[in-house]
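Positions are given from 1 along the sequence. Values reported hereafter were calculated over all heavy atoms of this structure, with side chains retained and with hydrogens, waters and symmetry mates removed. What you see is a predicted model, and the numbers here were worked out from it, not measured in a lab.
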Amino acid sequence: MRKMCSVPTCQLDATTTWATVPVCQYCRDIIMQEQLEYYRGKLQEHERCRYIRIRHMTPLWSILKRELAYG
């Protein structure tokens, strides 16, 4: 069975991953560009549109959420 890209509204097949989240190559390329621009200081966190849509599925999000909950 084929997996679909985890980015909501994307209808493409997942062919790769971003932080263990299945995504299509198109969305991965956009997320990579967002990351590069964010760490260069050209984007603010809220401007990372594609990444924001999947970050709750990433392992890091689970760790951060747990740390915030339990201090």
Side-chain angles (χ1 to χ4, degrees):
M1 190 164 125
R2 297 181 343 200
K3 282 196 167 213
M4 298 301 290
C5 181
S6 297
V7 176
T9 71
C10 182
Q11 300 298 314
L12 299 174
D13 290 339
T15 57
T16 188
T17 60
W18 183 268
T20 72
V21 179
V23 294
C24 67
Q25 187 63 50
Y26 178 74
C27 288
R28 188 183 193 291
D29 291 346
I30 292 173
I31 292 168
M32 175 65 84
Q33 189 62 39
E34 287 177 349
Q35 177 185 356
L36 292 172
E37 290 181 20
Y38 173 74
Y39 285 107
R40 289 179 181 148
K42 295 181 180 183
L43 280 182
Q44 293 190 9
E45 178 68 27
H46 69 275
E47 295 174 304
R48 298 174 71 185
C49 301
R50 294 271 170 144
Y51 174 70
I52 287 171
R53 293 178 182 165
I54 65 161
R55 72 176 168 197
H56 67 281
M57 298 179 226
T58 65
L60 180 59
W61 186 258
S62 299
I63 293 167
L64 293 174
K65 192 174 174 184
R66 187 172 43 242
E67 287 181 4
L68 290 173
Y70 299 110

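Atom SG of C24 is separated from atom CD of Q11 by 10.5 Å, given to the nearest 0.5 angstrom. With values rounded to the nearest 0.5 angstrom, E47 atom CD is found 9.5 Å from E34 atom CD. Atoms CG and NZ, on L12 and K3 in that order, are 16.0 Å from each other to the nearest 0.5 Å.
Side-chain heavy atoms closer than 4.5 Å link hydrophobic residues (I, L, V, M, F, W, Y) into clusters, and following such links, possibly through other members, connects L43 to Y39. I52 and W18 sit in two unconnected hydrophobic clusters of ILVMFWY residues. Membership requires side-chain heavy atoms under 4.5 Å apart, directly or through other members.
A donor-acceptor contact shorter than 3.5 Å links the side chain of S6 to the backbone of P22.
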Let me see the working for Q33 and D29 under side chain to side chain donor-acceptor pair (under 3.5 Å), right down to the final yes or no.
CA-CA 6 Å; Q33 189 62 39; D29 291 346; over 6 Å; no
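Screening M32, R53, R50 against C27 for a side chain to side chain contact (heavy atoms under 4.5 Å, CB included) leaves a single residue, R50.
For the pair T58/T20, no side-chain contact is recorded, criterion being any heavy-atom separation below 4.5 Å from C-beta on. A 4.5 Å side-chain heavy-atom check between I54 and I31 finds at least one atom pair inside the cut-off.
Scored by the salt bridge (charged side-chain N to carboxylate O under 4.0 Å, His left out) test, R2 finds D13 as partners (sequence neighbours excluded).
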